[in-house]
Amino acid sequence: MKVAPREAPVLSSDGGFNYEGGSMQRIRTDEVTSHVGERVKLAGWMHNWRDMGKFGFLVLRDGAGTFQAVLDNPEEMGKLKGLQYESVLEIQGLVTPDPRAAAGAELHDCRVRVISPVLEPLPFEINKKELKPGLDVFLNHAPLGLRHLEKRALFRISAQVMAGYREYLTQQGFVEIQSPKIVGSATESGANVFCIDYFGRPAYLAQSPQFYKQIMVGVFERVFEVGPVFRAEKHSTSRHTNEYVSLDLEMGFIRDHTDVMAMLTAVLRYIFDRLQQSLARELELLKIKVPSIGDSIPSLRLSDAQELIFERHGEDCRGEPDLAPQHEAWLCEHAEQELHSELLFITHYPTAKRPFYTMPDDQDPSLTKGFDLLFRGCEIVTGGQRIHRYEQLLNNALQWGIDPEAIDGYLQAFKYGMPPHGGFAIGLERLVMQLAELGNLREATLFPRDLDRLSP
RNA sequence: GGGGGCGUGGUGUAGUUGGAUAACAUAUCGGCCUGUCAAGCCGAAGACCGCGGGUUCGAGUCCCGUCGCUCCCGCCA
């Protein structure tokens with residue numbers, strides 16, 4: 001891009017935020033309307049500038065939102081000359097009520113101060129209603145693109161999902177933990193792990209807090225964790241990345257996996273209610289329809305689900321150990337039409353397909369007390385009851401070809417007594433992706449790590 | 001690891017069975033405008049059509065290779 005050289009704008013002598021007359025407290029854009037008739041100071045990014053000739057409208061954006069200032073002084077307007085959008089400005093002005101302004105008020109008689117000028121044109125527009133660039137271009141410019149109001153709304157939702165998760169579980173007597181992300185052995189066989197050099201010894205990035213949260217059930221009974229997990233799978237799909245945030249939980253003294261499913265149902269209901277209360281504007285902006293959860297989420301056994309697919313779609317996947325993405329989509333269609341639910345539990349996956357610590361079903365030990373939760377056609381949670389007796393767990397480990405030595409620390413918890421327990425892991429980005437009906441998991445990830453994306 | 005699709009100004013797209021100065025929107029730059037809010041109007045600049053080779057009188061368009069992106073499958077959250 002060729003840019004004509006311009007004259008650099010005149011900056012304040014300190015170039016910073018504090019200056020003479022800077023004794024006035026800066027307020028945020030969402031506080032302005034409670035200062036009608038007063039002079040206030042705002043600071044933020046030049047979101048838009050509509051030059052009408054003798055005057056113009058400057059839309060300033062800060063962490064809270066946007067606010068309009070009217071500039072009609074040639075000297076103040078001249079300070080914007082040569083500045084691109086996203087320049088950081090400070091504006092002092094009189095809060096004046098005006099029905100013509102979207103907020104019902106605006107700043108008049110403004111004085112502008114340039115804090116950080118932006119001189120190079122932006123690679124794409126971020127002050128329009130919709131963000132135009134394709135995924136790749138967007139992600140390469142994430143530091144800029146994430147400033148778009150829709151992206152901000154999305155990641156506020158993401159933050160509130162985490163906050164709601166923490167809030168509800170804390171109320172229910174759960175203790176938040178942080179398990180190590182550098183581990184000495186792979187948690188679950190099969191899944192690929194990232195190997196790192198740990199002072200000359202091989203170590204791995206944790207692919208799940210599974211062992212640690214189970215161990216901590218032995219301490220607190222009820223624990224949860226919000227943290228990153230790492231998967232070295234070389235997959236390239238719209239619903240996988242190599243690092244994501246896992247909302248984990250593990251709880252003791254359960255009757256069976258249905259207690260865990262009930263807790264999951266309750267926490268999701270709480271999160272969804274909370275979103276509607278605290279982020280109504282963001283939900284509206286993104287046209288998000290939050291699903292309603294009744295007394296319970298409908299549930300199907302895997303074998304029944306497969307039977308249903310055979311009957312309704314003619315595809316025979318009966319006997320398969322797992323569902324294909326197409327099957328999940330079909331089942332969710334069915335759940336929405338017949339059961340009036342956008343969420344659907346699938347239970348009783350075969351033992352052979354689940355990890356060694358999964359509790360087998362009492363009636364049929366070839367099946368497990370494990371479940372998945374599907375949401376609008378995509379798997380967002382996996383969970384189940386775990387084996388709590390030492391001998392049974394040890395035998396299973398051996399049967400699965402796992403060296404007990406390698407998971408010695410984990411087994412220790414069981415040797416010294418563990419209650420019946422179970423838990424689950426929600427994929428945060430998956431949940432948000434499905435909630436906002438996005439086409440790609442990366443859109444729900446701030447800085448996605450995938451097969452060939454390591455920055456920004 | 002396997003399969004499909006797409007690469008055209010900064011960005012997003014159009015470009016017909018191969019045909020002459022590659023179009024549109026927006027951004028950028030200049031000008032006009034006292035109520036914009038995806039501002040509007042006038043003007044300018046900006047792309048050798050990802051790269052390499054081939055077919056042809058002629059390639060953005062067809063073929064081969066290559067690189068990049070994207071989607072699907074396997075695996076999973």
Side-chain angles (χ1 to χ4, degrees), chain A residues 1-6 47-59 66-72 81-85 98-103 106 108 119-141 144-145 148-150 188 190-192 207-208 210 228-248 320-329 349 353-355 372-375 378-383 424-434 439-442 444-445 450-453:
Chain A
M1 172 118 192
K2 282 153 224 134
V3 185
R6 306 157 211 280
H47 188 68
N48 210 343
W49 165 236
R50 290 186 274 270
D51 188 349
M52 313 290 286
K54 300 279 186 297
F55 78 115
F57 299 100
L58 177 71
V59 180
T66 60
F67 201 80
Q68 174 168 289
V70 179
L71 304 193
D72 51 9
K81 188 83 175 163
L83 290 186
Q84 298 291 330
Y85 292 136
D98 195 316
R100 294 172 297 185
E106 56 194 11
H108 283 190
L119 302 177
E120 198 175 302
L122 307 184
F124 49 78
E125 300 87 347
I126 63 154
N127 57 1
K128 302 292 182 190
K129 234 171 203 154
E130 282 176 29
L131 210 40
K132 271 195 290 184
L135 189 58
D136 187 50
V137 173
F138 173 81
L139 292 175
N140 287 336
H141 297 275
L144 175 70
H148 189 269
L149 293 176
E150 284 195 354
E188 293 164 46
N192 291 319
Q207 50 178 207
S208 152
Q210 184 63 36
V229 293
F230 307 90
R231 304 278 164 100
E233 300 286 346
K234 286 189 174 176
H235 36 41
S236 177
T237 82
S238 58
R239 59 184 192 290
H240 290 94
T241 50
N242 297 294
E243 175 180 354
Y244 66 92
V245 176
S246 183
L247 305 176
D248 269 89
E320 293 285 321
D322 204 354
L323 295 167
Q326 177 64 69
H327 303 149
E328 293 178 348
Y349 286 83
K353 196 67 186 173
R354 298 299 246 207
D372 277 4
L373 180 65
L374 310 183
F375 176 31
C378 181
E379 186 179 324
I380 63 163
V381 185
T382 290
F424 58 76
I426 307 172
L428 172 67
E429 297 87 346
R430 283 255 180 115
L431 173 58
V432 173
M433 170 174 80
Q434 292 307 91
N440 194 309
L441 188 70
R442 278 153 259 247
T445 310
D450 64 29
L451 212 44
D452 39 31
R453 195 174 295 281

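The model shown is predicted, which means the values in this text are computed figures rather than measured ones. In the text below, chain A, chain B and the rest are named by the order of the sequence lines, each starting its count at 1.
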Please give the distance between the [atom1] atoms of [N] and [M] as a whole number of Å.
N     : M     : atom1 : value
B:C6  : B:G54 : P     : 24 Å
B:A27 : B:C64 : C1'   : 38 Å
B:G18 : B:C32 : P     : 50 Å
B:G65 : B:C73 : C1'   : 26 Å
B:U21 : B:G40 : P     : 33 Å
B:G60 : B:G9  : P     : 14 Å

Measure from [atom1] on [X] to [atom2] on [N] and round the result to the nearest Å.
X      : N     : atom1 : atom2 : answer
A:N140 : B:G10 : CG    : P     : 15 Å
A:D248 : B:A77 : CG    : C1'   : 10 Å
A:E125 : B:G9  : CD    : C1'   : 13 Å
A:N440 : B:C71 : CG    : P     : 4 Å
A:D136 : B:U11 : CG    : P     : 11 Å
A:E328 : B:C75 : CD    : P     : 11 Å
A:K132 : B:A25 : NZ    : C1'   : 6 Å
A:K129 : B:A39 : NZ    : C1'   : 12 Å

Choosing from [options], which nucleotide comes nearest the side chain of [X]?
X      : options             : value
A:K128 : B:A27, B:C73, B:C37 : B:A27
A:F55  : B:C71, B:U26, B:G35 : B:G35
A:H108 : B:G35, B:G30, B:C71 : B:G35
A:P121 : B:G74, B:U28, B:C71 : B:U28
A:R231 : B:A77, B:G74, B:C71 : B:A77
A:R430 : B:A77, B:A39, B:C72 : B:A77
A:R100 : B:C37, B:U26, B:G35 : B:G35
A:M52  : B:G35, B:G74, B:C37 : B:G35

[N]: pairing nucleotide in any strand, Watson-Crick or G-U under 3.5 angstrom:
N     : value
B:C41 : B:G31
B:U11 : B:A25
B:C6  : B:G68
B:G60 : none
B:G74 : none

Heavy atoms under 4.0 Å, any strand shown: does [X] hit a base, just sugar-phosphate, or nothing?
X      : value
A:Q68  : base
A:S246 : nothing
A:V137 : sugar-phosphate
A:G134 : sugar-phosphate
A:N127 : nothing
A:N242 : nothing
A:D372 : nothing
A:V229 : nothing
A:L441 : base
A:D72  : nothing
A:A101 : base
A:Q434 : nothing

Check: [Y] main-chain N/O paired with [X] side-chain donor or acceptor under 3.5 Å:
X      : Y      : value
A:N127 : A:H47  : yes
A:E106 : A:A101 : no
A:E429 : A:V245 : yes
A:R231 : A:T241 : no
A:R430 : A:E379 : yes

So which one's nearest nucleotide on RNA chain B is more toward 5', A:E379 or A:V70?
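With A:V70 and A:E379 compared, the 5'-side residue is A:V70.
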Test for a donor-acceptor pair under 3.5 Å between the base of [N] and the side chain of [X], counting only N and O atoms.
X      : N     : result
A:E233 : B:G74 : no
A:E120 : B:G10 : no
A:H240 : B:C76 : yes

[X] side chain near [N] phosphate (N/O to OP1/OP2, under 4.0 Å):
X      : N     : value
A:R50  : B:C41 : no
A:K54  : B:U36 : no
A:N48  : B:C37 : no
A:K353 : B:C76 : yes
A:T382 : B:A77 : yes

Does A:D136 come within less than 4.0 Å of A:R442, counting only side-chain N to carboxylate O?
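Looking at A:D136 and A:R442, the cut-off is not met.
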Does the structure show A:F57 stacking with B:U36, if we require the centres to be closer than 5.5 Å and the planes to be within less than 30 degrees of parallel?
yes
Do the side-chain N and O atoms of A:R453 and A:N242 include a donor-acceptor pair separated by under 3.5 angstrom?
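Not at all, the side chains of A:R453 and A:N242 share no donor-acceptor pair under 3.5 Å.
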A:Y349 and A:D322, any side-chain heavy atoms less than 4.5 Å apart:
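Contact flag for A:D322/A:Y349 side chains = yes.
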Name of the residue among A:R239, A:M433, A:Q434 meeting side chain to side chain contact (heavy atoms under 4.5 Å, CB included) with A:I380
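Only match with A:I380 under side chain to side chain contact (heavy atoms under 4.5 Å, CB included): A:Q434.
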At their closest point, which heavy atom of A:H148 faces which heavy atom of A:E130, and how far apart are they?
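Looking at all heavy atoms of both residues, the closest pair is NE2-C, 3.8 Å.
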